[in-house]
Amino acid sequence: MTETLLSSPKRRFLSGLFGGRKGDRISVANPTSIVSVELMEKTGIFFPDAHLDPHKMAELAAGGYEILGFDSIMPEFSVQQEAEALGCVVDWGSPTMMPDAKTHPVKEVEDLTIPDNILEKPSMAVLLRALEILKRTYGNHVAIVGKVMGPWTISYHLCGVQDFLMWTLTESEKVKKLLNRLKEVSIAFANAQLRAGADAVVIADHATGDLVSPKAYQDFLLPVHQEMNQRIGGPTILHLCGNCSDRLRLFVEAGFDGYHFEWQVDAKMAVQVVNHEISLVGNIANRDVLFGGTPEDVYKQARYSIEAGVDILAPECAVPLQTPIANLKAIVEAAKEGYVAQGPAAGALIFSPEGLSYGVEIPCSSSASRSTARFKKWGRPSWIETSLSSGNWRKSSMNSEPIFSTSMRVWQVGMRSMTSVGWWNSFKKRSRFR
Amino acid sequence: MMTSEEIGRFYKALKNTDLITVETLIKDYIVKEVSPIAILNEGLIGAMGIIGQEFKAGQVWVPEVLLAARNMHRGIELLKPQLLKDKVPSRGKFLIGTVKGDIHDIGKNLVTMMMAGAGYEVIDLGIDVPREKFIESISKDHPHIIGLSALLTTTMLEMKEVIRSIRQTFSNPPKIIVGGAPVTQKFAVEIKADGYGEDAVRAVELANQLLSSGEIT
Ligand SMILES: [Zn+2]
């Protein structure tokens, strides 16, 4: 057995970000927002307050660690902090609405003025204060992650997405000038965040695979990102969503420490292509899985990413505000199984003859007791399926005999439809065996 | 019929970064007394169709489509007096809006451009469109097809409400197609939309299919 890291969230995260010792399990982190309405309710702190008040911002962000069990705390939820400081009118939204820039004041390079005191503008200072608070409270245990918008994303807000994209063809010099000036904002903000206590900074620059070509990234952003990475004094993670399968090597060339990627990019392929020259952070799908799927769907994707060799597990992008907390927690649960899901069975499901006071006895993970509690709430399942090899499900009888299996799923016929109400995978012996 | 070489000239004009090429081309054809319908349908729409396919195939990206749409728009502007003179009917009326609470309009605008590029008369209600405005516009403009788009999961729920009130208000409502990043085929079926367009090109194909199914007069 190789020596394992003590599972401090911060050490796990940093180790993953630098592709270092693997420890006992993969780190789970969030380069982008994991705030949902449910998390707001649990913390009692809501949008839009959390975008503009440093204490609220810090407290809501900390919910990612305290409530969801992530290794990181990342307090920037919106993509508009720089935009407002640079003159856009921003609608800060509501608990169910992310903020958005309402005006796009820059039509020419001359329209762009960068205030000398931009870091003191309220929408930017709030993040620095929130990071300071988080550093004081969580800094010796949890990874504190900052975030800045790159010059491309800031340009979207300042100029409007459509105009800016068209200029890449019609007025490329103007685009280059804008990017060059705006990168100074990103660099200054990133360095200020590192000073304020961030262990790493995410650079979100949405030249996404769905909007522009790899060549556009190469011509316009690659040199800018290279310079940013030389001048930012700490670890950087690029967030650039969309299907970027065709340009992963460019992100390596840009010199980022990590790349935060989407489910559309196959994790196995990505690991092969970037060849550990950059750490991969991702890539649980938002729409179909975290928002629209079950904990089991999340588990499956998470295990796929872990086994593919992704360095840090994360949702692919800012999660939809209606994402259930159970699905976010399922990422952490999947990570806790370690790097290789081990068989064979060590779990037993026992039913009493009366049928109601059944329970699960799984002499291993901490999730067992939680699962038992869940069953009690739901009542007796309609049937159980077990599997000894992946995907090969067989119905099991529900007498009082223990059931041994590597995986189980439990079905219940509800009022309207049949749903899978519980699941495990790969019960395995752990050191915590009682 | 235009030769493929001629359509190629339109294609090049739509891809050009300056407007002069498309302007010269259209003026050329008007002088040659080519019918404005042919210039529009075979030339401009034909060329835009090729660019749409290239976009779908991942050979060009959004900036190229935006540019082609801008150039096409200029071409149609020059052609308009001729089209009006000849009373050229549009292919159908298409009403589009991003439902309330959404301000990301790039996807919707792509659909707008592609639909216009395919010869539809497009009525664009813009962004943040409340339910009542859809109802009002349907009574007034009698569109054949309605496109609803949402980019946030929150607005997906509003989309459902819009469809419900349209179906409640009109006994013979227009066909409704939906799209946008968070929307799936499954969701489209759930909220009783007539179709789901995963991208702008698909939205046009869908509109064509729904119109040719003969249910719309
Ligand atoms: Zn993203």
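Predicted, not measured: the structure shown is a model, and the values here were computed from it. Labels below follow one simple rule: chain letters A, B, ... track the order of the sequence lines, proteins then strands, and each chain is numbered from 1.
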Region of [X] that comes under 4.5 Å of a non-hydrogen atom in chain B:
{"X": "A/S213", "answer": "both"}
{"X": "A/D288", "answer": "side chain"}
{"X": "A/N286", "answer": "neither"}

message: If you count heavy-atom pairs within less than 4.5 Å of chain A, which of B/D199, B/D18, B/V183 leads?
response: B/V183

query: Does the side chain of A/Q162 come within less than 4.5 Å of B/M113's, by heavy atoms?
result: yes

query: Rounded to the nearest 0.5 Å, how far apart are CG of A/L211 and CG of B/L66?
result: 9.0 Å

Would you find more than 12 non-hydrogen atoms of other residues, nucleotides or ligands less than 6.0 Å from [X] atom [atom1]?
{"X": "A/K107", "atom1": "NZ", "result": "yes"}
{"X": "B/K186", "atom1": "NZ", "result": "no"}
{"X": "B/K160", "atom1": "NZ", "result": "no"}
{"X": "B/K93", "atom1": "NZ", "result": "yes"}

field: Interface residues of residues 41-52 of chain B facing chain A - heavy atom cut-off under 4.5 Å
entry: none

task: With a 4.5 Å heavy-atom cut-off (strictly below), which parts of residues 53-63 of chain B touch chain A? List them by number.
output: B/W61, B/V62, B/P63

Worked check of side-chain contact (heavy atoms from CB on, under 4.5 Å) between A/E171 and B/T17: CA-CA 9 Å; A/E171 299 178 67; B/T17 52; over 6 Å; no

message: Set out, in order, the CA-CA distance, both residues' side-chain angles and the distance that settles side-chain contact (heavy atoms from CB on, under 4.5 Å) for B/E64 and A/M166, then state yes or no.
response: CA-CA 7 Å; B/E64 285 85 353; A/M166 193 133 75; over 6 Å; no

